[in-house]
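Fair warning: this is a prediction, and the values are worked out from it, not measured in the lab. Chain naming here is simple, since letters A, B, ... match the order of the sequence lines and numbering starts at 1 in each.
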Protein chains: 2
Amino acid sequence: MKETFGEYIKMLRTTNGYTLTQLAGLLDIDFANLSRIENGIRDFDKKKLSRLAEVFNLSIEALQDEYASDQLAKHMYEIGCSKELLKVAEEKAEYRRALKK
Amino acid sequence: MKETFGEYIKMLRTTNGYTLTQLAGLLDIDFANLSRIENGIRDFDKKKLSRLAEVFNLSIEALQDEYASDQLAKHMYEIGCSKELLKVAEEKAEYRRALKK
DNA sequence: TTCATTTTGTCATTCTTTGACAAATTTACT
DNA sequence: AGTAAATTTGTCAAAGAATGACAAAATGAA
(Lines give C-alpha, C1' and ligand atoms only; values in the text may rest on other atoms or scores of the structure.)
Protein backbone atom coordinates (compact mmCIF):
# COMPACT_ATOMS: atom_id res chain seq x y z
CA MET A 1 0.00 0.00 0.00
CA LYS A 2 1.54 3.24 -1.14
CA GLU A 3 0.19 5.75 1.31
CA THR A 4 0.90 6.92 4.80
CA PHE A 5 -0.73 5.12 7.69
CA GLY A 6 -2.75 8.25 8.41
CA GLU A 7 -4.05 8.35 4.86
CA TYR A 8 -4.87 4.67 5.14
CA ILE A 9 -6.97 5.24 8.24
CA LYS A 10 -8.73 8.14 6.60
CA MET A 11 -9.52 5.96 3.59
CA LEU A 12 -10.89 3.23 5.83
CA ARG A 13 -12.94 5.74 7.78
CA THR A 14 -14.48 7.54 4.83
CA THR A 15 -15.19 4.46 2.72
CA ASN A 16 -17.03 3.07 5.72
CA GLY A 17 -18.97 6.25 6.20
CA TYR A 18 -17.66 7.24 9.60
CA THR A 19 -17.05 10.75 10.85
CA LEU A 20 -13.95 11.53 12.93
CA THR A 21 -16.10 11.63 16.03
CA GLN A 22 -17.61 8.23 15.32
CA LEU A 23 -14.37 6.44 14.60
CA ALA A 24 -12.59 8.19 17.44
CA GLY A 25 -15.34 6.90 19.72
CA LEU A 26 -14.83 3.33 18.52
CA LEU A 27 -11.09 3.61 19.02
CA ASP A 28 -11.46 5.45 22.29
CA ILE A 29 -9.33 8.42 21.31
CA ASP A 30 -9.95 12.13 20.93
CA PHE A 31 -11.42 13.04 17.54
CA ALA A 32 -9.18 16.08 17.23
CA ASN A 33 -6.14 13.88 17.66
CA LEU A 34 -7.49 11.37 15.19
CA SER A 35 -7.61 14.22 12.70
CA ARG A 36 -3.93 14.91 13.41
CA ILE A 37 -3.15 11.23 12.95
CA GLU A 38 -4.86 11.17 9.57
CA ASN A 39 -2.91 14.24 8.54
CA GLY A 40 0.42 12.85 9.65
CA ILE A 41 0.94 15.30 12.48
CA ARG A 42 0.77 12.62 15.14
CA ASP A 43 1.38 8.90 15.14
CA PHE A 44 -1.29 6.32 15.64
CA ASP A 45 -0.89 4.57 18.97
CA LYS A 46 0.56 1.10 18.33
CA LYS A 47 -1.38 -0.35 21.24
CA LYS A 48 -4.63 0.52 19.46
CA LEU A 49 -3.85 -1.49 16.32
CA SER A 50 -5.89 -4.49 17.48
CA ARG A 51 -8.88 -2.22 18.07
CA LEU A 52 -8.47 -0.75 14.61
CA ALA A 53 -8.31 -4.24 13.10
CA GLU A 54 -11.54 -5.18 14.86
CA VAL A 55 -13.40 -2.08 13.79
CA PHE A 56 -12.63 -2.62 10.12
CA ASN A 57 -12.37 -6.41 10.18
CA LEU A 58 -8.77 -6.49 9.08
CA SER A 59 -6.02 -9.01 9.69
CA ILE A 60 -4.07 -7.83 12.69
CA GLU A 61 -0.82 -9.17 11.23
CA ALA A 62 -1.30 -7.30 7.96
CA LEU A 63 -2.17 -4.16 9.86
CA GLN A 64 0.90 -4.45 12.04
CA ASP A 65 3.02 -4.79 8.92
CA GLU A 66 1.36 -1.71 7.43
CA TYR A 67 2.18 0.16 10.58
CA ALA A 68 5.76 -1.06 10.91
CA SER A 69 6.57 -0.31 7.27
CA ASP A 70 5.05 3.15 7.62
CA GLN A 71 7.15 3.90 10.68
CA LEU A 72 10.27 2.69 8.92
CA ALA A 73 9.43 4.72 5.82
CA LYS A 74 8.97 7.78 7.99
CA HIS A 75 12.37 7.18 9.56
CA MET A 76 14.01 6.75 6.16
CA TYR A 77 12.34 9.86 4.87
CA GLU A 78 13.37 11.93 7.87
CA ILE A 79 17.06 11.10 7.55
CA GLY A 80 17.00 11.61 3.78
CA CYS A 81 17.97 7.99 3.31
CA SER A 82 19.88 7.29 0.07
CA LYS A 83 20.06 3.89 -1.60
CA GLU A 84 23.63 3.49 -0.37
CA LEU A 85 22.80 4.38 3.20
CA LEU A 86 19.93 1.93 3.16
CA LYS A 87 22.21 -0.80 1.91
CA VAL A 88 24.64 -0.15 4.76
CA ALA A 89 21.78 -0.13 7.24
CA GLU A 90 20.57 -3.48 5.90
CA GLU A 91 24.00 -4.99 6.46
CA LYS A 92 24.11 -3.57 9.94
CA ALA A 93 20.69 -4.96 10.76
CA GLU A 94 21.92 -8.32 9.55
CA TYR A 95 24.96 -7.95 11.80
CA ARG A 96 22.73 -7.24 14.79
CA ARG A 97 20.70 -10.35 14.05
CA ALA A 98 23.89 -12.41 13.94
CA LEU A 99 25.05 -10.87 17.21
CA LYS A 100 21.96 -11.94 19.09
CA LYS A 101 22.47 -15.59 18.22
CA MET B 1 31.29 -0.69 8.53
CA LYS B 2 29.66 -3.77 9.90
CA GLU B 3 29.39 -3.04 13.60
CA THR B 4 27.17 -1.09 15.91
CA PHE B 5 27.92 2.55 16.52
CA GLY B 6 28.80 1.69 20.11
CA GLU B 7 31.32 -0.90 18.99
CA TYR B 8 32.71 1.63 16.54
CA ILE B 9 33.28 4.17 19.31
CA LYS B 10 34.90 1.53 21.48
CA MET B 11 37.22 0.58 18.65
CA LEU B 12 38.17 4.22 18.10
CA ARG B 13 38.72 4.72 21.80
CA THR B 14 40.88 1.64 22.40
CA THR B 15 42.96 1.92 19.22
CA ASN B 16 43.75 5.47 20.28
CA GLY B 17 44.62 4.39 23.78
CA TYR B 18 41.94 6.25 25.67
CA THR B 19 40.18 5.06 28.81
CA LEU B 20 36.44 5.60 29.20
CA THR B 21 37.16 8.43 31.63
CA GLN B 22 39.51 10.15 29.20
CA LEU B 23 37.24 9.95 26.17
CA ALA B 24 34.17 10.82 28.23
CA GLY B 25 36.03 13.92 29.40
CA LEU B 26 36.81 14.94 25.81
CA LEU B 27 33.19 14.41 24.82
CA ASP B 28 31.88 16.01 27.99
CA ILE B 29 29.72 13.09 29.03
CA ASP B 30 29.66 10.74 32.00
CA PHE B 31 32.08 7.83 31.63
CA ALA B 32 29.54 5.34 33.00
CA ASN B 33 27.10 6.37 30.32
CA LEU B 34 29.80 6.18 27.67
CA SER B 35 30.26 2.58 28.76
CA ARG B 36 26.55 1.99 28.22
CA ILE B 37 26.78 3.62 24.80
CA GLU B 38 29.64 1.35 23.77
CA ASN B 39 27.64 -1.64 24.93
CA GLY B 40 24.50 -0.61 23.09
CA ILE B 41 22.43 0.08 26.18
CA ARG B 42 22.11 3.78 25.44
CA ASP B 43 22.34 5.80 22.28
CA PHE B 44 25.10 8.23 21.51
CA ASP B 45 23.83 11.79 21.57
CA LYS B 46 23.50 13.00 17.97
CA LYS B 47 24.46 16.53 18.99
CA LYS B 48 27.87 15.28 20.08
CA LEU B 49 28.78 13.81 16.69
CA SER B 50 30.80 16.88 15.69
CA ARG B 51 32.81 16.63 18.91
CA LEU B 52 33.44 12.97 18.24
CA ALA B 53 34.60 13.78 14.71
CA GLU B 54 37.02 16.37 16.06
CA VAL B 55 38.47 14.08 18.73
CA PHE B 56 39.30 11.35 16.23
CA ASN B 57 39.83 13.55 13.19
CA LEU B 58 37.02 12.01 11.19
CA SER B 59 34.85 13.39 8.42
CA ILE B 60 31.70 14.67 10.03
CA GLU B 61 29.63 13.67 7.02
CA ALA B 62 30.91 10.09 7.10
CA LEU B 63 30.31 9.93 10.83
CA GLN B 64 26.76 11.22 10.45
CA ASP B 65 26.13 8.51 7.87
CA GLU B 66 27.55 5.89 10.21
CA TYR B 67 25.21 7.12 12.88
CA ALA B 68 22.11 7.37 10.69
CA SER B 69 22.63 3.90 9.21
CA ASP B 70 23.14 2.48 12.68
CA GLN B 71 19.91 4.02 13.93
CA LEU B 72 18.04 2.72 10.93
CA ALA B 73 19.56 -0.75 11.37
CA LYS B 74 18.51 -0.72 14.99
CA HIS B 75 14.98 0.18 13.95
CA MET B 76 14.90 -2.58 11.34
CA TYR B 77 16.26 -5.07 13.83
CA GLU B 78 13.76 -4.14 16.49
CA ILE B 79 10.74 -4.65 14.26
CA GLY B 80 12.13 -7.90 12.87
CA CYS B 81 12.20 -6.36 9.41
CA SER B 82 11.87 -8.90 6.59
CA LYS B 83 13.04 -8.27 3.03
CA GLU B 84 9.44 -7.82 1.92
CA LEU B 85 8.64 -5.36 4.66
CA LEU B 86 11.74 -3.37 3.84
CA LYS B 87 10.71 -3.23 0.20
CA VAL B 88 7.30 -1.88 1.16
CA ALA B 89 8.92 0.65 3.46
CA GLU B 90 11.20 1.80 0.65
CA GLU B 91 8.20 2.42 -1.58
CA LYS B 92 6.46 4.31 1.16
CA ALA B 93 9.52 6.46 1.78
CA GLU B 94 9.56 7.21 -1.94
CA TYR B 95 5.89 8.13 -1.71
CA ARG B 96 6.58 10.53 1.12
CA ARG B 97 9.34 12.18 -0.91
CA ALA B 98 6.94 12.63 -3.79
CA LEU B 99 4.30 14.05 -1.46
CA LYS B 100 6.56 16.80 -0.20
CA LYS B 101 7.15 18.14 -3.70
C1' DT C 1 46.06 -7.34 47.49
C1' DT C 2 45.88 -2.87 45.41
C1' DC C 3 44.95 0.40 41.87
C1' DA C 4 42.87 1.48 37.42
C1' DT C 5 39.18 0.56 34.55
C1' DT C 6 34.78 -0.86 33.32
C1' DT C 7 30.09 -2.14 34.23
C1' DT C 8 25.79 -1.89 36.66
C1' DG C 9 22.15 0.37 39.84
C1' DT C 10 19.45 4.07 40.79
C1' DC C 11 17.13 8.31 40.61
C1' DA C 12 16.21 13.20 39.68
C1' DT C 13 15.98 16.13 35.73
C1' DT C 14 14.92 17.07 31.01
C1' DC C 15 12.74 16.33 26.77
C1' DT C 16 9.13 14.36 23.93
C1' DT C 17 4.73 12.43 23.27
C1' DT C 18 -0.03 12.01 24.32
C1' DG C 19 -4.74 13.26 26.10
C1' DA C 20 -7.99 16.62 26.53
C1' DC C 21 -10.90 20.39 25.58
C1' DA C 22 -11.71 25.02 23.37
C1' DA C 23 -11.82 27.69 19.46
C1' DA C 24 -11.50 28.45 14.64
C1' DT C 25 -12.13 26.95 10.05
C1' DT C 26 -14.09 24.40 6.36
C1' DT C 27 -17.75 21.89 4.05
C1' DA C 28 -22.35 20.82 2.57
C1' DC C 29 -26.95 21.82 2.40
C1' DT C 30 -31.19 24.92 2.01
C1' DA D 1 -26.55 34.41 2.35
C1' DG D 2 -27.27 31.23 7.09
C1' DT D 3 -26.45 27.35 9.84
C1' DA D 4 -25.37 22.87 11.38
C1' DA D 5 -22.05 19.14 11.01
C1' DA D 6 -17.45 17.99 10.36
C1' DT D 7 -12.78 18.92 10.46
C1' DT D 8 -8.67 21.34 11.67
C1' DT D 9 -5.80 23.98 14.69
C1' DG D 10 -4.19 25.94 19.40
C1' DT D 11 -2.87 25.10 23.81
C1' DC D 12 -1.39 22.98 27.88
C1' DA D 13 -1.21 19.62 31.59
C1' DA D 14 -0.11 14.77 32.35
C1' DA D 15 2.36 10.63 31.08
C1' DG D 16 6.31 8.44 29.40
C1' DA D 17 10.97 8.02 27.61
C1' DA D 18 15.67 9.59 27.36
C1' DT D 19 19.62 11.67 29.66
C1' DG D 20 22.86 13.22 33.36
C1' DA D 21 24.88 12.23 37.51
C1' DC D 22 27.05 9.79 41.07
C1' DA D 23 27.55 5.54 43.96
C1' DA D 24 28.71 0.93 44.18
C1' DA D 25 30.02 -3.40 42.32
C1' DA D 26 32.73 -6.13 39.20
C1' DT D 27 36.66 -7.01 36.34
C1' DG D 28 41.41 -6.91 35.14
C1' DA D 29 46.36 -6.10 35.35
C1' DA D 30 50.42 -5.52 38.15
Side-chain angles (χ1 to χ4, degrees), chain A residues 3-52 55-56 63-64 67-68 70-79 96 99-100, chain B residues 3-53 55-56 63-64 66-68 70-79 96 99-100:
Chain A
E3 55 192 343
T4 66
F5 199 75
E7 288 170 344
Y8 178 50
I9 292 177
K10 183 167 200 165
M11 182 275 285
L12 288 170
R13 177 175 66 79
T14 54
T15 60
N16 286 83
Y18 290 128
T19 65
L20 281 172
T21 305
Q22 289 171 328
L23 179 56
L26 292 170
L27 296 173
D28 193 34
I29 62 177
D30 186 87
F31 75 94
N33 292 329
L34 178 54
S35 167
R36 280 182 258 252
I37 289 167
E38 289 187 350
N39 292 302
I41 296 158
R42 287 199 189 192
D43 282 341
F44 184 79
D45 182 2
K46 206 177 181 169
K47 287 172 287 189
K48 297 244 156 91
L49 281 175
S50 54
R51 198 56 156 314
L52 186 62
V55 170
F56 292 112
L63 198 57
Q64 281 167 340
Y67 184 80
D70 180 71
Q71 288 292 113
L72 196 55
K74 187 181 166 199
H75 187 164
M76 292 194 278
Y77 172 72
E78 282 168 354
I79 65 174
R96 280 175 184 257
L99 262 192
K100 207 49 162 278
Chain B
E3 56 190 344
T4 66
F5 199 74
E7 288 169 343
Y8 179 48
I9 292 177
K10 184 167 199 164
M11 182 275 285
L12 288 170
R13 177 175 66 79
T14 54
T15 61
N16 285 84
Y18 289 128
T19 66
L20 281 171
T21 305
Q22 288 173 330
L23 179 56
L26 292 170
L27 295 173
D28 194 32
I29 63 178
D30 185 88
F31 74 93
N33 291 329
L34 178 54
S35 168
R36 279 182 259 254
I37 290 167
E38 289 187 348
N39 293 301
I41 295 158
R42 288 199 187 191
D43 282 341
F44 185 79
D45 181 1
K46 205 177 180 169
K47 286 172 287 187
K48 296 243 157 90
L49 281 176
S50 55
R51 198 58 155 317
L52 186 62
V55 169
F56 293 111
L63 199 57
Q64 281 168 338
E66 267 307 306
Y67 184 80
D70 180 71
Q71 288 293 113
L72 196 54
K74 186 181 166 198
H75 188 165
M76 292 194 277
Y77 173 73
E78 282 168 354
I79 66 175
R96 280 175 185 259
L99 263 190
K100 207 47 163 279

Quiz item: Just by protein heavy atoms under 4.0 Å, how would nucleotides 24-30 of chain C read 5' to 3' in B, S and -?
Solution: -------
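- The distance from the OH atom of A:Y67 to the OH atom of A:Y8 is 14.5 Å, given to the nearest 0.5 Å.
- Here C:dT8 presents its P atom at 14 Å from CD1 of B:I37, a figure rounded to the nearest Å.
- A distance of 10.5 Å separates CG in A:D43 from OG1 in A:T4, rounded to the nearest 0.5 Å.
- Of all heavy-atom pairs between A:K10 and A:N39, the closest is NZ-OD1, 4.4 Å.
- Here D:dG10 presents its C1' atom at 11 Å from CD1 of A:I41, a figure rounded to the nearest Å.
- Classification of the A:F5-A:F44 ring pair by plane angle, with boundaries at 30° and 60°, yields tilted.
- Atom CD of residue A:Q71 and atom NZ of residue A:K46 lie 8.0 Å apart, to the nearest 0.5 angstrom.
- Within residues 10-26 of chain B, no residue approaches DNA chain D, by heavy-atom distance under 4.0 Å.
- Electrostatic pairing of B:R96 and A:D70 counts as a salt bridge here, judged by a charged N lying under 4.0 Å from a carboxylate O.
- Going from atom CG of A:D45 over to atom C1' of C:dT16 covers 15 Å, rounded to whole Å.
- Rounded to the nearest 0.5 angstrom, A:L20 CG and A:I9 CD1 are separated by 11.0 Å.
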Quiz item: Taking protein heavy atoms under 4.0 Å as touching, what does nucleotides 21-30 of chain D look like 5' to 3' if B marks base contact, S marks sugar-phosphate-only contact and - marks none?
Solution: BBB-------
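- Nearest heavy atoms, B:L49 versus B:Q64: CD1-CG, 4.0 Å.
- Atom CG in A:L27 sits about 15 Å away from atom C1' in C:dG19, given to the nearest Å.
- More than 12 heavy atoms of other residues, nucleotides or ligands lie within 6.0 Å of NZ in B:K48, so this atom counts as buried by the packing criterion.
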Exercise. Step by step, work out the side-chain hydrogen bond (donor to acceptor under 3.5 Å, both in side chains) result for A:N33 and A:R36.
Key: CA-CA 5 Å; A:N33 292 329; A:R36 280 182 258 252; 3.1 Å; yes
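- Rounded to whole Å, atom P of C:dT6 lies 14 Å from atom CD1 of B:I9.
- In this structure, A:L34 and A:A24 approach most closely via the heavy-atom pair CD2-N, 3.7 Å.
- One can place CG of A:L34 at 14 Å from P of D:dA6, the figure rounded to the nearest angstrom.
- Whole-Å rounding puts the B:D43 CG to D:dT19 C1' distance at 11 Å.
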